[in-house]
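Numbering of ligands and ligand atoms starts at 1, following listing order. Since this is a predicted model, take the numbers as computed values, not measurements.
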Amino acid sequence: MNIKESIDRTKLPQHIAIIMDGNGRWAKGLGKMRVFGHKNGVSAVREVLEGAIEIGIPYLTLYAFSSENWNRPKLEVKALMELLISSLHKELPTFQKNGVKLKAIGQLDHLPIKIQKTLSETIEATKNNTKCTLTLALSYGSRSEIIDATKNIATKVAEGTLKIEDITEDIFAQNLYTTGTPDPDLMIRTSGEQRISNYLLWQLAYTELWFSSKMWPEFDRNDLFQAIYDYQSRERRFGKTSEQL
Ligand code: FPP
C-alpha cells in the first residue's frame, strides 16, 4: 500500500506537534556519542518538514529543547545550541524556497544571545512565507508558559484593561506563546515513550496522540504519512457522542 496516496487530502490535520525523542539512545546503540544522535536528528527534522510540505500540513511544531534540557551535561547543551545555529543558517534558503515561516516559542531570553539573534533574523526573513509555519519550542516548558499567561492576564486586570468576568478560554489562549496558531490536531512522540513531558499542556486538550517506537533519527516522511493516515481513522468527538457529530 502506498501510504501517501491513501491519505485523504481533504481531512489533513492542520497542525502536527512532535516530541523528537531518542537521539541519545539511537547514538548509544551504534556506540557513538549522543551528539551524533542530535546531528542525525537534524536530518530527520529536514525529512519530516519536507514530508509535511509535500502533503500540505500548514503548521508543524517541534520540541527542540525543553526547559529541563538545561540540566544536561554542559557539552551536550553547547553542542545542541551550535547545531541549532548552524541548522538555521543552512536551512534558510530551503525555508525560502518551500515557503516556510519560522516561529519560536519558549523562554527565548534564556537562550544564548547568538541563538536569539539567529532566530530573530530567520523569523524576520521568513515572516511573509505562507505554506508552512514551523514553530520551534526552545527552552520551552508548558507550565511556565501557563504561568506567564496568568501573569499577563493578572497585569491587565490590575491595570484595569481587562475585567475578571471577561476572562475566557479564548482570552487565556491569546496570552500563551502559541497565540495565533491553532491547537495541534495530532501529536507524535518517537522512541516508544508515552508521555507529554510538559509540552503544550493547554493546547493538547483534544489532540490525537500517536506514538512510534522508532528513535527520532530513524523517523522519516513515510512514518509521518502513516501517523496522518492513522489519525484520519480516528473519530474526534470533542466530548460529544458519535451520533451528534
Ligand atoms: C531528544 O532526544 C532530542 C532532543 C533533546 C533534542 C532535539 C534536537 C534536534 C533533533 C536537533 C536540533 C533541532 C532543530 C530543529 C534543528 P534525547 O537526547 O532526549 O534522546 P534520549 O531520550 O535517547 O536520551
| task | Check whether the side chains of Trp70 and Ser139 place a donor and an acceptor atom closer than 3.5 Å, and report yes or no. | result | yes
| field | Protein contact of atom 15 (C) of ligand 1 - nearest heavy atom, named by residue and atom, plus distance | value | Leu136 CD2, 3.6 Å
| request: Return the residue, atom name and 0.1 Å-rounded distance of the protein heavy atom closest to atom 1 (C) of ligand 1. | output: Met20 O, 3.0 Å
| query | What do we get for Leu62 next to ligand 1 when only non-hydrogen atoms under 4.0 Å count, side chain, backbone, both or neither? | reply | neither
| task | Look at atom 11 (C) of ligand 1 and say which protein heavy atom is nearest, naming residue and atom and giving the distance to 0.1 Å. | result | Val42 CG2, 3.7 Å
| task | Of the side chain and backbone of Met215, name the one, both, or neither that has a heavy atom under 4.0 Å from an atom of ligand 1. | result | neither
| said: With no hydrogens and no angle check, just 3.5 Å: does a side-chain donor-acceptor pair link Thr61 and His15? | reply: yes
| task | Among all protein heavy atoms, pick the one closest to atom 5 (C) of ligand 1 and tell me residue, atom and distance. | result | Asn69 OD1, 3.6 Å
| query | Hey, which atoms in ligand 1 end up nearer than 4.0 Å to a heavy atom of Ala64? | reply | 6 (C), 7 (C), 8 (C)
| query | Quick one: does Arg72 get within less than 4.0 Å of ligand 1, heavy atoms only? | reply | yes
| field | Met33, CE: over 12 other non-hydrogen atoms inside 6.0 angstrom | value | no
| query | What protein heavy atom sits nearest atom 14 (C) of ligand 1, and how far off is it? | reply | Leu84 CD1, 3.9 Å
| query | So does Glu50 pair up with Arg46, basic N to acidic O under 4.0 Å? | reply | no
| query | Is atom CD1 of Ile196 surrounded by more than 12 heavy atoms (other residues, nucleotides or ligands) closer than 6.0 Å? | reply | yes
| task | Please verify whether a non-hydrogen atom of Arg34 lies at under 4.0 Å from ligand 1. | result | yes
| query | Near Arg143 CZ, under 6.0 Å, is it more than 12 heavy atoms from other residues, nucleotides or ligands? | reply | no
| request: Identify whether the distance between the nearest side-chain nitrogen and carboxylate oxygen of Arg195 and Glu193 falls below 4.0 Å. | output: yes
| note | Under 4.0 Å from one or more heavy atoms of His38, ligand 1 contributes atoms 11 (C), 18 (O)
| note | The closest protein heavy-atom partner of atom 9 (C) of ligand 1 is Asn23 ND2, 4.0 Å
| task | Of the side chain and backbone of Leu88, name the one, both, or neither that has a heavy atom under 4.0 Å from an atom of ligand 1. | result | neither
